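From a predicted model like this one, the values you see are computed outputs, not experimental measurements.
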Amino acid sequence: MYQYISEEGLCPLFYFTTKYNLKYFVSFRKIDFENEYFRNLFFVDFYEADNQKFFNDPNIEITIINIINKYFDANPNIILNYVCDVVDYKQDFRKRLFDKWYLNSKTNMFSKINFQYKIPEDCISYHLGFIFNSKFYKEEELIENVTSQLDEFTNLK
């Protein structure tokens with residue numbers, strides 16, 4: 001695992017540098033849908049600063065999972081959301097990678113639900129993931145609320 005630095009603020013940010021001198025960032029940003037159910041919803045994002053993701057380095061996965069787990073330790077009642085980036089049409093690959101990372105995290109405290117969201121006039125499917133502590137949220141309620149929120153987004157278009 002790499003040593004990482006934490007910067008607190010409105011959007012907690014973590015960053016680390018790999019043995020290949022690549023700088024990675026992990027951030028957590030509170031999202032407000034003006035929906036009481038999602039009052040503790042945070043968007044997690046991570047990326048390499050120079051878009052140089054060509055090295056196979058398992059310590060990147062270990063470090064990002066550790067950062068997410070520590071964030072959950074400090075904030076057990078949050079729901080983490082991520083969206084697989086569609087810019088280069090590799091969203092299916094990213095979904096499989098995130099699913100693998102979740103399985104590798106070997107935690108039974110958290111559950112993960114995947115959604116596929118397609119905007120009717122768009123040809124792209126978006127993969128969304130929600131990670132949550134099962135002590136605070138019921139899977140059925142989360143599915144119902146996310147589905148309702150996605151329907152609301154679709155109706156706004």
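Remark: the backbone N or O of Asp85 is paired with a side-chain donor or acceptor of Arg94 at under 3.5 angstrom. Judged by distance alone, with hydrogens and angles left aside, the side-chain atoms of Ser148 form no donor-acceptor pair with the main-chain N or O of Glu144 at under 3.5 Å. Under the 3.5 Å distance criterion, the side-chain polar atoms of Tyr71 are left unmatched by any main-chain donor or acceptor of Val44. The main-chain N or O of Ile131 is never found under 3.5 Å from a side-chain atom of Tyr137 such that the two would form a donor-acceptor pair. A donor-acceptor distance shorter than 3.5 angstrom exists from the side chain of Asn81 to the backbone of Gly129, with no hydrogens or angles considered.
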Next on the checklist: Before you tell me yes or no, could you show the steps for Asn69 and Asn66 under side-chain contact (heavy atoms from CB on, under 4.5 Å), namely the whole-Å CA-CA distance, both residues' side-chain angles and the distance that decides it to 0.1 Å?
Outcome noted: CA-CA 5 Å; Asn69 284 338; Asn66 185 271; 5.8 Å; no

Next on the checklist: Set out, in order, the CA-CA distance, both residues' side-chain angles and the distance that settles side-chain contact (heavy atoms from CB on, under 4.5 Å) for Phe132 and Lys138, then state yes or no.
Outcome noted: CA-CA 9 Å; Phe132 57 97; Lys138 303 277 184 255; over 6 Å; no

Next on the checklist: Assess the residue pair Asp99 and Lys95 against the criterion (salt bridge (charged side-chain N to carboxylate O under 4.0 Å, His left out)); give the C-alpha distance rounded to whole Å, side-chain angles, the decisive distance to 0.1 Å, and a yes or no.
Outcome noted: CA-CA 6 Å; Asp99 288 347; Lys95 181 202 173 292; 2.6 Å; yes

Checklist entry - Going through the distances and angles, do Gln149 and Asn145 end up as a side-chain contact (heavy atoms from CB on, under 4.5 Å)? => result CA-CA 6 Å; Gln149 191 69 54; Asn145 280 279; over 6 Å; no

Hey, can you pull the donor-acceptor pairs under 3.5 Å for the side chains in residues 14-26, sequence neighbours left out?
{"from": "Tyr15", "atom 1": "OH", "to": "Glu7", "atom 2": "OE2", "distance (Å)": "3.4"}
{"from": "Thr18", "atom 1": "OG1", "to": "Tyr20", "atom 2": "N", "distance (Å)": "3.2"}
{"from": "Thr18", "atom 1": "OG1", "to": "Leu22", "atom 2": "N", "distance (Å)": "3.1"}

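His127 and Asn114 are not linked by any side-chain donor-acceptor pair at a separation below 3.5 angstrom, with hydrogens and angles left out of the test.
Between Phe33 and Phe38, the ring planes lie perpendicular to each other; the angle is over 60°, past the 30° to 60° tilted range.
If you take CD on Glu141 and CD1 on Ile143, they are separated by 11.0 Å, rounding to the nearest 0.5 Å.
At a threshold of 4.5 Å between non-hydrogen side-chain atoms, the residues Glu61 and Lys100 count as touching.
The 12-atom threshold is not exceeded at CZ of Phe93, counting heavy atoms of other residues, nucleotides or ligands nearer than 6.0 Å.
Between Thr63 and Met1, the shortest heavy-atom distance links the atoms OG1-CG, 3.4 Å.
The ring of Phe130 has its center closer than 6.0 angstrom to the ring center of Phe115.
Cluster membership check: Leu80 shares its hydrophobic cluster with Tyr4, using side-chain heavy-atom separations under 4.5 Å among Ile, Leu, Val, Met, Phe, Trp and Tyr. Taking hydrophobic clusters as Ile, Leu, Val, Met, Phe, Trp and Tyr residues chained together by side-chain heavy-atom distances below 4.5 Å, Leu103 does not share a cluster with Trp101.
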